[in-house]
Amino acid sequence: RRVLFRSDPSVIEARAKSLYDYAVTVTGCQTPTIAENELFGAQTPTPWSPTNSQYRANVLAFLTQLSALGARPLISIANPPYTASNDAKEWWRQVSRVAVLLRQVYFTSPNAKGLYALGPARASRTIRTSLRGLVNHLTQIGIPSGRVALQMQDRKSTRLNSSHRT
């Protein structure tokens with residue numbers, strides 16, 4: 001979808017309508033949940049370049065249109081979102097009004113072996129503390145916790161094994 005978001009903003013409304021209609025047809029639900037894949041450059045500091053500013057405006061417009069049609073959009077965020085400036089904070093707040101922020105979580109430190117070595121109680125506490133920190137990063141700038149979701153992933157399971165042939 002990056003091509004859409006970097007393209008002419010005048011096509012966004014029609015493409016959102018097309019995606020919404022498709023989701024309704026496939027799901028049979030008038031309020032489908034539509035997850036948009038990773039926001040490009042979530043960690044990019046401000047001031048944003050004109051290209052990045054237009055991309056973000058297009059993303060926001062697309063999510064706003066999906067929401068206005070009745071969809072429940074989510075936007076996936078793979079990297080820690082940049083929230084150190086007022087412009088960035090406001091952009092994230094605007095997005096959270098029309099879409100759930102789906103923060104992807106990868107446990108790389110400690111990794112699975114490190115968590116196992118901690119034992120059940122300490123590993124569980126470590127994971128919960130980390131997850132709370134990810135949510136707090138966004139709630140501290142005024143985003144309600146109900147507008148933040150977490151998606152835990154194991155990096156190894158998200159990559160294809162190139163030596164495996166079917």
Side-chain angles (χ1 to χ4, degrees), residues 1-109 130-160:
R1 285 218 207 281
R2 284 188 202 137
V3 172
L4 163 67
F5 294 135
R6 291 183 189 259
S7 66
D8 180 1
S10 67
V11 303
I12 291 173
E13 189 174 325
R15 292 204 178 151
K17 176 78 167 106
S18 175
L19 178 60
Y20 171 78
D21 289 344
Y22 175 75
V24 168
T25 300
V26 170
T27 65
C29 176
Q30 294 300 309
T31 57
T33 299
I34 300 175
E36 288 299 316
N37 199 16
E38 299 175 11
L39 175 73
F40 179 74
Q43 74 285 5
T44 303
T46 56
W48 293 316
S49 70
T51 302
N52 190 268
S53 292
Q54 185 62 60
Y55 168 73
R56 285 175 179 260
N58 290 353
V59 167
L60 180 56
F62 187 74
L63 295 171
T64 299
Q65 184 62 32
L66 285 175
S67 181
L69 291 166
R72 296 176 33 201
L74 292 89
I75 185 153
S76 174
I77 307 164
N79 295 305
Y82 178 78
T83 58
S85 75
N86 288 335
D87 288 343
K89 290 175 188 175
E90 183 54 29
W91 188 85
W92 286 109
R93 286 190 290 261
Q94 288 176 2
V95 170
S96 75
R97 288 182 195 113
V98 296
V100 171
L101 306 178
L102 180 61
R103 181 67 167 88
Q104 295 175 350
V105 182
Y106 301 96
F107 278 95
T108 56
S109 180
S130 176
L131 296 177
R132 283 187 194 115
L134 294 172
V135 173
N136 285 341
H137 181 84
L138 295 166
T139 60
Q140 289 174 352
I141 65 166
I143 296 172
S145 60
R147 301 302 291 171
V148 180
L150 302 172
Q151 176 187 21
M152 291 185 63
Q153 296 184 346
D154 173 3
R155 282 206 187 266
K156 290 180 184 173
S157 67
T158 60
R159 295 190 178 140
L160 294 175

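Bear in mind that the values here come from a model prediction, so they are computed numbers and not experimental data. When reading the values below, keep in mind they use all heavy atoms of this one structure, side chains included, and skip hydrogens, waters and symmetry mates.
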Hey, could you give me the [atom1]/[atom2] distance between [X] and [Y], rounded to the nearest 0.5 Å?
| X | Y | atom1 | atom2 | answer |
| --- | --- | --- | --- | --- |
| I143 | R97 | CD1 | CZ | 9.0 Å |
| I77 | F40 | CD1 | CZ | 15.0 Å |
| L66 | T33 | CG | OG1 | 11.5 Å |

Quick one: does [X]'s side chain get under 4.5 Å of [Y]'s, heavy atoms only?
| X | Y | answer |
| --- | --- | --- |
| R103 | P81 | yes |
| Q30 | V24 | yes |
| T46 | N86 | no |
| L19 | E36 | yes |
| Y55 | L39 | yes |
| I75 | L101 | yes |

Can a donor-acceptor pair be found, under 3.5 Å and without considering hydrogens, that links the side chain of T25 to the backbone of D21? yes

Ignoring hydrogens and geometry, is there a side-chain-to-backbone donor-acceptor pair from R72 to I34 under 3.5 Å? no

Do you know which two heavy atoms are closest between [X] and [Y], and how far apart they sit?
| X | Y | value |
| --- | --- | --- |
| P9 | Q54 | CG-NE2, 3.4 Å |
| S76 | N37 | CB-C, 4.0 Å |
| F62 | R15 | CE1-C, 3.9 Å |
| W91 | V59 | CZ2-CG1, 4.3 Å |
| S67 | V98 | CB-O, 3.6 Å |
| A78 | Q104 | CB-OE1, 3.1 Å |

S130: which residues meet the side-chain hydrogen bond (donor to acceptor under 3.5 Å, both in side chains) condition with it, sequence neighbours left out? none

Just do the side-chain contact (heavy atoms from CB on, under 4.5 Å) check on M152 and L131 with the steps written out, would you? CA-CA 9 Å; M152 291 185 63; L131 296 177; 4.2 Å; yes

Decide if atom CD of E13 counts as having more than 12 heavy atoms of other residues, nucleotides or ligands within a radius under 6.0 Å. no

R93 atom CZ, neighbour heavy-atom count above 12 within 6.0 Å: yes

